[in-house]
Number of protein chains: 2
Amino acid sequence: MTTDQDCPGLLPEPTVAELRLEAVLHALADPTRLRIVADLAAVGGDELNCLAFELPVTKSTLTHHFRVLREAGLIRQHRRGTSKMNTLRAADLSARFPGLLDAVLVAAGPCFTTPKPAAR
Amino acid sequence: MTTDQDCPGLLPEPTVAELRLEAVLHALADPTRLRIVADLAAVGGDELNCLAFELPVTKSTLTHHFRVLREAGLIRQHRRGTSKMNTLRAADLSARFPGLLDAVLVAAGPCFTTPKPAAR
DNA sequence: CTCGTAGTTTGACAGATGTCGTAGTACGGC
DNA sequence: GCCGTACTACGACATCTGTCAAACTACGAG
């Protein structure tokens, strides 16, 4: 019961059907996580490793936040070498909660008014 | 400058400019509060007293949740007699975070797909 | 004035949450 | 094989959160 492919290194995540609104909202309600999501949206679908974010927290805390985001279904993570790449599950979220992510991103950062033009 | 009018019995609430995204998301992330918001949206702008909601919590807890919602700017409360009337600040929210409330309501209740047509 | 209804306040409490530091694991480069 | 980088796991901790019960206030009806 996960979108889990055989794709090696992909970490477990909820399927589109498993996405829970409360979990998504809760994940987005934290400033650090909201910032991560906004940053991911800003790069328009590209991958970012966990340390690519300049956040005022330690690595442990970052790991924690990334897990919350992944378990809520907001991001996808898979290992690549020693790094872990993160992507926003924009399409999955739109499929399950139409308009929600867009509205949050617009509200979060007036700069990212054009979050996901056409994949990368 | 809160939206506070001289309207007697109106409880303090944030102005549109004071609405904080995190606070709104946090307020919506709780099932009880989400339910309250969805119920308010369902009646299309009418007022509901606090006990009009059939929720599995005590009055104290309800008071707590209503305060969180009001302080986050999601609802407006004003006293009327011994009751306290609650209304959703749909217009204010749309002004500050366009599409957000709508997206959440659609995501929350498939039943309320037409949340605020034009009052009921 | 007395009573009942509606809601508030306070205190308590268990559980979740965000944070850190330290130690540990996994992988690539040498 | 050894080391450094990137991330994880674990434990600790303070704070926050949702919940309740009991006592209190506010208002209207009678």
Side-chain angles (χ1 to χ4, degrees), chain A residues 7-13 20-40 46-87, chain B residues 7-13 20-40 46-87:
Chain A
C7 178
L10 184 83
L11 278 70
E13 63 183 23
R20 294 185 317 120
L21 177 59
E22 295 164 22
V24 170
L25 292 175
H26 175 245
L28 290 171
D30 180 273
T32 303
R33 291 191 292 257
L34 183 55
R35 167 85 183 275
I36 291 173
V37 168
D39 283 0
L40 280 172
D46 267 350
E47 305 179 324
L48 288 180
N49 81 64
C50 292
L51 298 186
F53 303 83
E54 295 181 359
L55 297 165
V57 292
T58 63
K59 286 190 299 177
S60 329
T61 306
L62 223 40
T63 297
H64 162 68
H65 285 312
F66 275 106
R67 178 164 35 183
V68 172
L69 286 171
R70 175 170 49 82
E71 292 181 348
L74 280 159
I75 65 171
R76 172 164 297 143
Q77 296 185 294
H78 68 89
R79 324 184 81 104
R80 184 157 65 186
T82 71
S83 296
K84 181 179 290 182
M85 293 301 157
N86 302 282
T87 51
Chain B
C7 177
L10 184 84
L11 279 71
E13 63 184 23
R20 293 186 315 121
L21 178 59
E22 295 165 23
V24 170
L25 291 175
H26 176 246
L28 290 171
D30 180 272
T32 302
R33 291 192 291 258
L34 183 56
R35 167 85 183 276
I36 291 173
V37 169
D39 283 1
L40 280 172
D46 267 350
E47 304 179 324
L48 288 180
N49 81 65
C50 291
L51 298 187
F53 303 83
E54 295 182 359
L55 296 164
V57 291
T58 63
K59 287 190 299 176
S60 329
T61 305
L62 223 40
T63 297
H64 162 69
H65 285 313
F66 276 108
R67 177 164 36 184
V68 171
L69 286 171
R70 175 170 49 81
E71 293 182 346
L74 281 158
I75 65 172
R76 172 165 297 143
Q77 295 186 292
H78 69 90
R79 324 184 81 102
R80 184 157 64 186
T82 71
S83 295
K84 181 178 292 183
M85 293 300 159
N86 303 281
T87 51

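In what follows, every chain begins at residue 1, and chains take the letters A, B, ... in the order their sequences are listed. Just the heavy atoms: all of them, side chains too, but no hydrogens, waters or symmetry mates, feed the values below. If you're wondering where the values come from, they're calculated on a predicted model, not measured in any experiment.
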Distance in angstrom units between A/His78 NE2 and C/dC27 P, rounded: 15 Å

Separation of atom CZ in A/Arg33 from atom C1' in C/dT19, rounded to whole Å: 12 Å

Closest heavy-atom pair and its distance - A/Leu40, A/Asn86: CD2-O, 3.4 Å

B/Leu55 to B/Ile36 - nearest heavy-atom pair and separation: CD1-CG1, 3.6 Å

Minimum heavy-atom distance A/Asp30-A/His65, with the two atoms named: OD1-CE1, 3.7 Å

Nearest-angstrom distance from the residue atom CD of B/Glu71 to P of D/dT17: 11 Å

Any B/Arg70 side-chain heavy atom under 4.5 Å of B/Pro12 side chain: yes

Closest contact, heavy atoms only, B/Val37 versus B/Leu28: CG2-CD2, 4.0 Å

Distance, rounded to the nearest Å, where A/Arg79 contributes CZ and D/dT5 contributes C1': 13 Å

Is there any protein nitrogen or oxygen under 3.5 Å from a nitrogen or oxygen in nucleotides 13-16 of chain D, and what are the pairs?
none

Non-hydrogen atoms of A/Ala72 and A/Val24 that approach each other most closely: O-CG2, 3.7 Å

Donor-acceptor pair between A/Ser60 and A/Thr63 side chains, under 3.5 angstrom: no

Gap between atoms CD and P, on A/Glu22 and D/dG18 respectively (whole Å): 11 Å

Length of the CG-P vector between B/Leu48 and C/dA6, whole Å: 14 Å

Criterion side chain to side chain contact (heavy atoms under 4.5 Å, CB included) on A/Glu13 and A/Ile75, from CA distance to verdict: CA-CA 8 Å; A/Glu13 63 183 23; A/Ile75 65 171; over 6 Å; no

Under 4.0 angstrom between B/Arg80 side-chain N/O and D/dC27 OP1 or OP2: no

Residues within residues 56-69 of chain B bordering DNA chain D, heavy-atom distance below 4.0 Å: B/Pro56, B/Val57, B/Thr58, B/Ser60, B/Thr61, B/His64, B/His65

